[in-house]
Amino acid sequence: MVKGSLTMDQQVVSPETTTIRSVVENPKITSKDVCVFYGDKQALFDVNIDIPRFAVTSLIGPSGCGKSTYLRCINRMNDTIPIARVTGEIKIDNQDIHDPDLDVVELRARVGMVFQKPNPFPKSIFENVAYGPRIHGLVKGKTDLEELVATSLERAGLWGEVKDRIHEPGTGLSGGQQQRLCIARAIATKPDIILMDEPCSALDPIATAKVEELMMELCENYTIVIVTHSMAQAQRVSQTTAFFHIGYMVEYGDTKQIFEDPQDKRTQDYIFGRFG
Amino acid sequence: MLTYLLLALLAVTIAAYFAGFTKARSFATAPGCSPQHSLSGYHGAFVAAWAGIPSFLLVLLWLLFQGPVIDSLLVSSLPPDRVEGLDIGQLNLLVSEIKSVAKGNVFSEPDAVVLAGAERYNSWSTIAIWAMVASVLSLSVAALFIARSKLAPRFRARNQVEWITSVLMIVCSLIAILTTIGIVASLLYETLRFFSMVSPFQFFFGLNWEPQIAMREDQVTSGGAFGAIPVYVGTMLIAFIAMLVATPIGLFSAVYLTEYASSGMRAVVKPLLEILAGIPTVVYGFFAVLTVAPAMREFGEFLGFAIAPNSALAAGAVMGIMLIPFISSLSDDALAAVPQSLRDGSYGLGATKGETISKVLLPAALPGIMGGILLAVSRAIGETMIVVMAAGIIAALTLNPFEPVTTVTVQIVTLLIGDTEFDNPKTLAAFALGLVLFLVTLCLNVIALSIVRKYREQYD
């Protein structure tokens with residue numbers, strides 16, 4: 001498949017909510033006017049983003065700007081919050097994820113998620129990775145399962161470190177290893193999209209470097225969307241970047257361009273460290 | 001008299017507080033004095049503690065020893081010709097006769113020795129009380145002045161008060177511990193007496209429980225049989241039925257409350273469930289006898305087989321209902337303690353709610369749930385009122401839940417009801433049963449608590 005190329009266009013919604021966004025050819029994920037409400041409070045206003053396939057897209061912005069909320073729309077994790085309500089349209093490969101014919105369980109199997117804090121289940125390393133394939137019936141037989149677990153751990157760059165203690169508890173690993181275990185767990189369900197919600201915020205610099213390296217490898221086969229507080233990380237790993245601010249998606253484009261030549265005043269202020 | 005003495009002691013203590021307080025104040029206001037080490041309140045508390053506590057202890061000691069001392073004085077003052085040839089029991093009888101005469105309870109015309117003794121007893125009692133008042137109050141006042149004289153600006157009253165407080169707390173915890181040790185020791189003592197009459201082998205392995213004691217030599221059940229197996233089997237059967245009812249209902253209601261119920265529903269259901277825990281067990285007993293057992297018997301008749309009115313099933317089922325809040329509230333805590341991140345992780349992999357609960361949440365919360373279940377088991381084994389009302393008394397060795405069985409607690413109650421003498425195996429058997437019951441529940445509690453503690457460390 002061809003990687004999406006980016007061109008710029010400007011769309012004026014209102015002076016307050018100017019959105020500068022890129023048009024992506026053949027996007028993996030398209031969002032149209034996505035709004036999220038928590039009870040009476042609106043957390044996200046009319047977000048329109050097209051996310052390119054086989055690339056890393058980072059969502060940046062100050063705390064509480066709605067970037068995690070948007071990320072959780074893509075695999076409908078907001079459904080698990082009773083008071084949350086999502087409007088607008090999100091399509092993955094031109095299929096509406098809110099289509100009643102689409103089961104949320106299938107959607108989440110296709111859209112893997114890695115969380116801020118490593119959250120391995122209190123089970124063995126093997127059982128952690130085998131969890132997804134088991135519940136979705138992805139493999140038949142024990143040898144296939146063992147193979148899938150091994151390749152998933154391999155892809156997450158963890159196989160060499162854990163292959164001798166695969167039946168020991170996953171919670172006994174170090175923080176960085178736990179996070180890579182969670183990535184392996186997500187990969188094992190054979191998704192095409194991996195969402196990462198600040199995956200390195202609980203890790204030390206060396207573990208962070210390993211996870212970043214992994215993301216850059218994985219984006220050859222997966223579409224990755226990452227929420228990050230570290231602008232350096234966004235520059236290192238991502239090809240496209242979206243800047244969010246108090247519930248609005250302010251600017252979206254090529255990572256290099258966003259960081260070197262931001263168009264919007266708010267983006268400039270944030271990137272050059274004038275707030276946030 | 002004792003009340004007035006204690007009130008006087010309290011007054012001295014309060015006065016001591018102010019005496020200490022005002023003296024400490026005078027340091028603070030005196031010119032050119034070095035700064036005070038402790039606040040004036042601590043000086044006051046120091047003096048009050050010394051004025052109050054030792055004198056109070058003296059009152060307790062005095063009351064403890066006054067009786068025996070006067071008794072022995074009384075015995076030694078009786079004329080030798082009257083005491084000669086009396087054994088301990090008769091002597092005690094004489095002393096208590098003198099005491100009752102001294103209190104004015106004269107039934108028949110007492111003899112001269114008793115009257116004289118009663119007179120001496122009364123005068124000694126009066127002397128003892130006044131001596132106690134005098135010595136306690138003088139000790140209190142003396143302690144007040146000594147403690148007050150120790151006060152100085154650099155006197156570390158704060159540390160002293162801290163020390164006194166910690167000693168008081170140690171004493172309080174010792175009382176609880178010593179009481180437990182005392183109970184266990186008395187159980188152990190009586191059990192050993194029982195085993196000197198009935199062999200432990202018969203008690204632990206005998207299959208026949210008929211703890212009657214012959215009134216006449218030629219009575220049919222003259223021996224009495226003390227094989228405790230049927231009693232323990234009955235206890236286990238009823239506890240098992242109770243757990244069979246309580247575990248699924250309690251666990252599933254906990255799952256519902258933590259995972260499915262809306263917050264409004266939870267706010268209503270949870271307190272309602274906890275009301276179950278507040279129902280007195282005697283009320284459950286009524287419920288078992290008057291409602292559940294007849295309903296079961298009618299249902300059994302309808303199906304064409306006999307269910308005894310005091311069947312193990314009825315008692316166990318009602319006991320199970322009593323245990324539901326135990327299991328549900330401990331399981332609820334265990335499930336709520338599973339971090340949200342594990343739920344998110346499971347949902348994020350495309351698991352349904354049911355899969356998340358059965359494959360992630362329940363295994364993660366299992367230690368806490370197990371702890372709750374074991375605590376409930378030890379409650380079920382030790383529960384008395386429901387089984388006394390609803391279970392049988394005859395110890396039949398059966399595993400049929402439709403038959404009546406008896407339990408350890410029921411047997412202890414029946415053995416000790418009415419006029420009892422603590423010199424035959426019938427009553428002493430109650431202590432042996434009680435000791436074994438205590439050991440079993442103790443083990444279960446220790447296991448349960450250690451499991452719960454282990455699980456607590458898991459997410460910290």
Side-chain angles (χ1 to χ4, degrees), chain A residues 68 71-72 74-83 103-124 127-138 169-172 178-179 181-191 193-197 202, chain B residues 251 255-270 331-372 450-460:
Chain A
S68 288
L71 190 77
R72 290 167 65 92
I74 301 175
N75 65 346
R76 286 177 56 188
M77 275 302 271
N78 286 325
D79 291 11
T80 63
I81 303 168
I83 57 163
D103 186 4
V104 67
V105 162
E106 284 170 44
L107 171 72
R108 289 184 191 148
R110 280 179 60 200
V111 184
M113 190 162 197
V114 176
F115 296 85
Q116 184 169 2
K117 221 180 117 204
N119 58 348
F121 302 130
K123 299 172 184 279
S124 72
E127 288 298 322
N128 262 286
V129 182
Y131 182 81
R134 278 219 176 102
I135 58 176
H136 295 298
L138 294 183
T171 42
Q178 284 188 16
Q179 195 61 300
L181 176 61
C182 293
I183 294 173
R185 190 173 70 181
I187 290 172
T189 57
K190 302 185 174 168
I193 300 169
I194 301 175
L195 309 176
M196 298 189 178
D197 191 353
Chain B
L251 190 56
V255 168
Y256 170 73
L257 282 178
T258 46
E259 299 303 317
Y260 290 94
S262 65
S263 57
M265 189 70 172
R266 195 177 150 85
V268 176
V269 173
K270 215 173 174 220
S331 307
D332 190 278
D333 291 347
L335 285 168
V338 176
Q340 180 62 31
S341 67
L342 289 186
R343 291 183 182 83
D344 286 347
S346 179
Y347 292 139
L349 288 169
T352 59
K353 206 156 196 171
E355 284 164 342
T356 303
I357 291 166
S358 65
K359 297 211 168 77
V360 176
L361 297 184
L362 287 179
L366 192 64
I369 294 169
M370 279 310 294
S450 68
I451 289 175
V452 171
R453 196 172 307 132
K454 205 171 174 186
Y455 131 86
R456 265 197 203 123
E457 288 161 1
Q458 202 174 329
Y459 304 117
D460 278 354

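Naming convention: chains lettered A, B, ... in sequence-line order (proteins, then strands); numbering from 1 in each chain.
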Side chain, backbone, both or neither of V104(A) within contact of chain B (heavy atoms, under 4.5 Å): neither
Rounded at 0.5 Å granularity, tell me how far OG1 in T352(B) sits from CG in D103(A). 9.0 Å
May I ask you to check whether over 12 heavy atoms, not counting those of K117(A), lie within 6.0 Å of atom NZ? no
Please report the closest heavy-atom contact between K359(B) and K123(A), naming both atoms and the distance. O-NZ, 2.5 Å
Please test D344(B) against Q116(A) for side chain to side chain contact (heavy atoms under 4.5 Å, CB included), starting from the C-alpha separation and ending with a verdict. CA-CA 11 Å; D344(B) 286 347; Q116(A) 184 169 2; over 6 Å; no
If you count heavy-atom pairs under 4.5 Å between each of S262(B), S346(B), P363(B) and chain A, which one has the most? S346(B)
Under 4.5 Å from any heavy atom of chain B - which part of P118(A): neither
Would you check if the side chain of H136(A) reaches a backbone N or O of A351(B) as a donor-acceptor pair within less than 3.5 Å? no
Let me know which of R108(A), M113(A), R185(A) forms a side-chain contact (heavy atoms from CB on, under 4.5 Å) with L349(B). R185(A)
Do Y131(A) and V360(B) have side chains that approach each other closer than 4.5 Å (heavy atoms only, starting at C-beta)? yes
Let me confirm one number: the OG1-CD distance from T80(A) to Q340(B), rounded to the nearest 0.5 Å. 6.5 Å
A side-chain contact here means heavy atoms from C-beta on lying under 4.5 Å apart; do L342(B) and P120(A) qualify? no
